[in-house]
Amino acid sequence: MEGDDNLAHERNKAEFDVNEMKIVWAGSRQAFEVSNRMSRLVASDPVFDKSNRAVMTRKELFKNTLRKSAHAWKLINELCLSDEESTIFKYFMDQPGFLDLHWRMFVPAIKGQGTEEQKQKWLPLANKMQIIGCYAQTELGHGSNVQGLETTATFNPQTDQFILHSPTQTSSKWWPGGLGKVSTHAVVYARLITNGKDHGVHGFIVQLRNLDDHSPLPGITIGDIGVKFGNGAYNSMDNGFLMFDKFCIPRDQMLMRLSKVTREGKYVPSDVPRQLMYGTMVSVRQTIVSNASVAMARAVCIATRYSAVRRQFGSQNGGVETQVIDYKTQQNRLFPLLASAYAFRFVGEWLKWLYTDVTQRLEASDFATLPEAHACTAGLKSMTTSATSDGIEECRKLCGGHGYLWCSGLPELFAVYVPACTYEGDNVVLQLQVARFLMKTVAQLSSGNAPAGTTAYMGRAKHLLQCRSSIQKAEDWLNPAMVLEAFEARALRMAVSCANNLKKFENQEQGFSELLADLVEAGIAHCQLIVVSKFIAKLERDIKGKGVKNQLKNLCYIYALHLIHKHLGDFLSTNTITPEQASLANNQLRSLYSQLRPNAVALVDAFDYTDHYLGSVLGRYDGNVYPKLFEEALKDPLNDSVVPDGYHEYIRPFIKQDLRSARL
Ligand SMILES: CCCCCCCC/C=C\CCCC(=O)SCCNC(=O)CCNC(=O)[C@H](O)C(C)(C)COP(=O)(O)OP(=O)(O)OC[C@H]1O[C@@H](n2cnc3c(N)ncnc32)[C@H](O)[C@@H]1OP(=O)(O)O
Ligand SMILES: Cc1cc2nc3c(=O)[nH]c(=O)nc-3n(C[C@H](O)[C@H](O)[C@H](O)COP(=O)(O)OP(=O)(O)OC[C@H]3O[C@@H](n4cnc5c(N)ncnc54)[C@H](O)[C@@H]3O)c2cc1C
């Protein structure tokens, strides 16, 4: 069977309405229409071609990214795209570049931390891209520890200015995207000093480059930090370094929505939580969770289609071989990733709601849900990006040798994606924030304050600490209440175990340091519970389309049961389930794989990705893999000539020597 016949056959087997599933995946019919239109707009424009990124030099890649960004901006204006449309349009461009940081961090930082006057002055310029900005927080010596930043901003009452200075090499800003070569401005985080007193880290709007000739302003040293992991990949981004040598900015360029410095140099501290200064990070962490589902879906789409096209073994007398997707081992590795893509999509939708809700509350000076919003965005960012990075690499292996080819799309996807485990907060550091939140919640359980939101289950501690799972047969693992109870009991017991161990230390901070590894595990268990519970909640909604809900149910339970299988140690050691119940979960998982199998290709078609966005010969919609692999190989610059450059200098001398010795 040819590749295209394989996939056509697979599509015919689907037991659900793919078009309705596309709408569920997109979130609404309107969101689907926008996404579908934007992805095709990008795919049909030759400027957004991605085919030769691997063989470009860094300079070519960078210039090509500038060209794409300028073209995108022109189209966005000419076509009058809305904010939603242009965000999705840029996403499908699939080209990391300065636009990401300008729109996702620089503009939001001013919106969130600027006063009304500051917003009126800077946002029109930024919105028209008359200035281009980045987010300059991380330093050579300090990234995770924001309170440890060293750059200083000292107020000079004589001139009504702040003097920005990098006192040490480790205080150089290092990593900000868009800083190295493009940005004219930055939101810079520095220690505020007035009257000799250090008030901690605050944000400042700083012009970096001359708007006429783009040269750095006097007192500023700036450049790119060098080549990063992988061919192409994130190397289109100019992550930069920046040093200040007593560089002066006017007082009104300190972002003063929260705390202020008066003309006289008096510091007026914020009357709201100082953590609001971290708001831009919270907003980006929230979007990173939805992006995780997109990256996971992209890798899974490639691996699923290819697994249906690829055949190995199983033929007798020269007959047709087995599609590798039919091997239970392939299903056991692939289907949980497919389920994860859907699970992250739905938890991403919920997190967007939570973020919108907390933003509205903050505007009304209600700060009660801020710790929960921080814990959820930090924890889910950490958990979903770690799972997605691992998932992309697993998809590469699922595609065998061809997965290692650049044209499979998977190596570059991995190289672009994997820094998500580090940027916007290292995943371990962020998970420890969740653990702190959980320890506080456990400590307050005896006070009579009922925990709310995602920790509401802890309010049922008495039951959850004692209950025994009532699972008796494999089908019970499809009972939402029983599955939820297992995840709640495991998460609570892990958190309580950490809290009990902490009590054994006189010094709580020292105890926390000793127990870091267990605390991270407790944080992950809590986050996995959130994802499972939001997937189950999704199933309770009105879901249209023939067979759609049934597929989502299968995916939901595959997601939950594969986690039980993967983290069996947690579930057994906390006595949440017995080994027999674990074995029943495994039986149910195998049965779910069989039910999912005929729908697998249609479930990845529901992502509605264009071949342009996938960027993969193995994941092509038509399944025409082998001829296209040849085409790609023949395009390689090494195949421009039959005899390679260097033959006469470095190959022929060996062969001539062999001939001489053969004659002797
Ligand atoms: C095509 C793909 C598109 C992808 C989209 C992305 C595009 C851009 C891509 C890349 C951009 C990358 C940009 C960056 O990386 S910017 C730099 C990011 N840096 C970080 O994330 C640093 C991480 N560190 C921190 O956030 C903090 O230092 C900390 C680890 C959270 C600790 O904070 P702090 O030192 O203040 O300390 P405490 O631990 O003492 O906490 C004090 C209390 O504050 C609470 N807290 C902390 N943070 C927050 C927050 N954000 N909101 C609310 N509350 C917060 C904390 O829980 C403590 O509370 P408590 O009640 O316990 O006192
Ligand atoms: C591609 C990319 C783009 C970026 N873009 C930007 C940007 O636009 N703007 C910007 O300001 N920054 C940016 N960054 C920087 C990024 O935010 C930091 O790298 C990130 O916050 C991690 O900090 P770090 O590098 O200091 O890691 P470190 O904190 O040095 O981490 C090193 C190791 O130490 C461990 N560790 C650290 N602290 C603890 C702890 N308390 N407990 C246990 N373990 C710990 C970590 O888990 C990790 O294993 C970018 C980074 C990358 C890779």
Side-chain angles (χ1 to χ4, degrees), residues 87 90-106 108-109 133-149 170 173-180 183 186-189 200-201 225 228-230 233-240 242 273-292 294-295 358 362 367 369-379 381-382 385 413 415-441 509 512-513 516-517 519-520:
T87 302
K90 283 178 252 161
Y91 202 92
F92 282 119
M93 267 169 65
D94 188 33
Q95 184 71 62
F98 67 91
L99 287 180
D100 299 338
L101 280 303
H102 176 81
W103 290 108
R104 287 170 187 262
M105 297 209 76
F106 179 70
C134 64
Y135 186 87
Q137 182 176 291
T138 306
E139 296 175 354
L140 190 55
H142 294 100
S144 295
N145 181 9
V146 178
Q147 295 302 321
L149 296 179
T170 48
K173 293 293 171 191
W174 190 277
W175 269 117
L179 169 68
S183 295
V187 168
V188 172
Y189 288 84
V201 173
I225 61 170
K228 294 159 295 239
F229 185 92
Y234 216 79
N235 286 301
S236 52
M237 183 74 87
D238 53 329
N239 293 93
L242 163 67
R274 72 166 175 86
Q275 288 81 5
L276 290 182
M277 193 188 72
Y278 297 155
T280 313
M281 292 188 280
V282 175
S283 121
V284 178
R285 285 173 195 152
Q286 173 252 309
T287 62
I288 286 177
V289 174
S290 294
N291 295 343
V294 176
V358 75
L362 294 176
F367 307 107
T369 59
L370 182 61
E372 152 111 327
H374 167 52
C376 289
T377 46
K381 179 274 181 187
S382 168
T385 55
L413 179 58
V416 168
Y417 191 76
V418 77
C421 296
T422 306
Y423 61 57
E424 221 48 81
D426 167 85
N427 278 356
V428 168
V429 171
L430 291 188
Q431 206 54 257
L432 289 170
Q433 291 287 307
V434 181
R436 266 191 199 282
F437 176 67
L438 294 179
M439 292 306 100
K440 271 193 162 182
T441 312
E509 279 307 309
F512 200 86
S513 297
L516 284 183
L519 286 159
V520 166

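Position 1 is the first residue of the sequence; numbering continues from there. For ligands, and for the atoms within them, numbers begin at 1 and follow the listed sequence. The structure displayed is predicted, hence computed values, not measured ones.
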So if I count the atoms of ligand 1 from 1 in the order they appear, which ones are less than 4.0 Å from some heavy atom of Tyr135? 16 (S)

Could you list which atoms of ligand 1 come closer than 4.0 Å to a heavy atom of Val429? 30 (C)

Tell me which part of Asn145 gets within contact of ligand 2: side chain, backbone, both or neither, using heavy atoms under 4.0 Å. neither

Quick one: are Val201 and Arg274 in side-chain contact, heavy atoms under 4.5 Å? no

Are there protein heavy-atom neighbours of atom 9 (N) of ligand 2 below 4.0 Å? yes

Min heavy-atom dist Glu424 to ligand 2 below 4.0 Å: yes

Nearest heavy atom to atom 26 (O) of ligand 1: which of Gln433, Arg285, Lys381 does it belong to? Arg285

May I ask you to check whether Gly177 has an N/O atom sitting below 3.5 Å from an N/O atom of ligand 2? yes

Minimum side-chain heavy-atom gap Asp100-Met237 below 4.5 Å: yes

Establish whether atom 32 (C) of ligand 2 and some protein heavy atom are separated by less than 4.0 angstrom. no

Is there at least one protein heavy-atom neighbour under 4.0 Å from atom 13 (C) of ligand 2? yes

For ligand 1, indicate whether the residue Glu424 contacts it via side chain, backbone, both or neither (heavy-atom separation under 4.0 Å). both

Hey, does Val282 sit under 4.0 Å from ligand 1 if you only count heavy atoms? yes

Proximal atoms of ligand 1 relative to Gly143 (non-hydrogen, under 4.0 Å): 22 (C)

Side-chain heavy atoms of Val146 within contact of Tyr189, under 4.5 Å: no

Say whether, by atom type as modelled, one donor and one acceptor occur between the side chain of Lys381 and the main chain of Gly425 under 3.5 angstrom. yes

Of Pro96, Ser144, Cys134, which has the heavy atom at the shortest distance from atom 28 (O) of ligand 1? Ser144

Kindly identify the option in Phe106, Tyr423, Phe512, Phe229 whose heavy atom sits closest to atom 2 (C) of ligand 2. Tyr423

Passing option when Thr280 is tested against Met105, Arg104, Gln137 for side-chain contact (heavy atoms from CB on, under 4.5 Å): Met105

Would a distance-only check, ignoring hydrogens and angles, find a side-chain to backbone donor-acceptor pair under 3.5 Å from Ser236 to Gly97? no

Proximity of Asn427 to ligand 2 by residue part, where a heavy atom lies under 4.0 Å: neither

Measure Leu101 to ligand 2 on non-hydrogen atoms and call it side chain, backbone, both or neither using the 4.0 Å cut-off. side chain

Any nitrogen or oxygen of Leu516 lying under 3.5 Å from a nitrogen or oxygen in ligand 2? Just yes or no. no

With a 4.5 Å cut-off on side-chain heavy atoms, are Leu101 and Leu179 touching? no

I need the nearest protein heavy-atom contact for atom 44 (N) of ligand 2: residue, atom name and distance, please. Val428 CG1, 4.2 Å

Does atom 26 (O) of ligand 2 have any protein heavy atom closer than 4.0 Å? yes

For Asn291, the ligand 1 atoms whose distance to one of its heavy atoms is below 4.0 Å: 3 (C), 4 (C), 5 (C)

Using distance alone, determine whether Tyr234 and ligand 2 share an N or O pair under 3.5 Å. no

For atom 47 (O) of ligand 2, closest protein heavy-atom neighbour: Asp426 OD2, 2.6 Å

Among non-hydrogen protein atoms, atom 42 (N) of ligand 2 lies closest to Leu432 CD1, 3.7 Å

From Asn145 atom CG to Glu139 atom CD, the distance as rounded to the nearest 0.5 Å: 10.5 Å

Answer yes or no for atom 35 (C) of ligand 2: protein heavy atom present at a distance under 4.0 Å? no

Numbered atoms of ligand 1 (with element) below 4.0 Å of Val146, judged on heavy atoms: 22 (C), 24 (N), 25 (C), 27 (C), 28 (O)

Hey, looking at atom 24 (P) of ligand 2, which of Ala233, Gly425, Gly148, Ser144 has the closest heavy atom? Ser144

Considering Tyr189, Tyr234, Tyr417 one by one, which has a heavy atom nearer to atom 9 (C) of ligand 1 than any of the others? Tyr234

For ligand 2, does Val429 get within less than 4.0 Å through its side chain, its backbone, both, or neither, judged by non-hydrogen atoms? side chain

Run down the list Phe92, Phe367, Tyr278 and name the one with the heavy atom closest to atom 48 (N) of ligand 1. Tyr278

Exercise check, heavy-atom protein proximity under 4.0 Å to atom 58 (C) of ligand 1: no

Residue-level breakdown please: for Thr422 versus ligand 2, do any non-hydrogen atoms fall below 4.0 Å on the side chain, on the backbone, on both, or on neither? both

For atom 52 (C) of ligand 2, find the nearest protein heavy atom and state the residue, atom name and distance (0.1 Å precision). Trp175 CE3, 3.6 Å

Any idea which of Ser513, Pro176, Pro96 brings a heavy atom closest to atom 7 (C) of ligand 2? Pro176

Report yes or no: does Thr441 contribute a side-chain atom to a donor-acceptor pair with the main-chain N or O of Phe437 at less than 3.5 Å? yes

Rounded distance [0.5 Å steps], CD in Gln431 versus CG in Asp426: 10.5 Å

Is there a protein heavy atom at a distance of less than 4.0 Å from atom 21 (O) of ligand 1? yes

Going by the atom numbers of ligand 1, which of them fall below 4.0 Å from some non-hydrogen atom of Tyr423? 9 (C), 10 (C), 12 (C), 15 (O)

Looking only at protein heavy atoms, which one is nearest to atom 3 (C) of ligand 2, and what is the separation? Asn239 ND2, 3.5 Å

Reported CZ-to-OH distance for the pair Arg285 and Tyr278, which is rounded to 0.5 angstrom: 9.5 Å

Quiz question for you: does at least one protein heavy atom lie closer than 4.0 Å to atom 38 (P) of ligand 1? no

Report yes if the side chains of His142 and Gln147 come closer than 4.5 Å at any heavy-atom pair, otherwise no. no

The protein heavy atom nearest to atom 11 (O) of ligand 2 is Thr138 N, 2.8 Å

Take every heavy atom of Pro371, measure it against each atom of ligand 1, and state whether any distance is under 4.0 Å. no

Counting both backbone and side chain atoms, is some N or O of Leu370 under 3.5 Å from an N or O of ligand 1? no

Kindly identify the option in Gln147, Arg274, Lys90 whose heavy atom sits closest to atom 35 (O) of ligand 1. Gln147

N/O to N/O below 3.5 Å, does that happen between Gln275 and ligand 1? yes

Beyond-backbone contact of Val294 with Tyr91, side-chain heavy atoms, under 4.5 angstrom: yes

Just jot down the ligand 1 atoms closer than 4.0 angstrom to any heavy atom of Gln137, in number order. 17 (C), 18 (C), 19 (N), 20 (C), 22 (C)

Using distance alone, determine whether Tyr91 and ligand 1 share an N or O pair under 3.5 Å. no

Under 4.0 angstrom from atom 44 (O) of ligand 1, is there any protein heavy atom? yes

From Leu242, Ile225, Thr138, residue fulfilling side-chain contact (heavy atoms from CB on, under 4.5 Å) relative to Trp174: Ile225

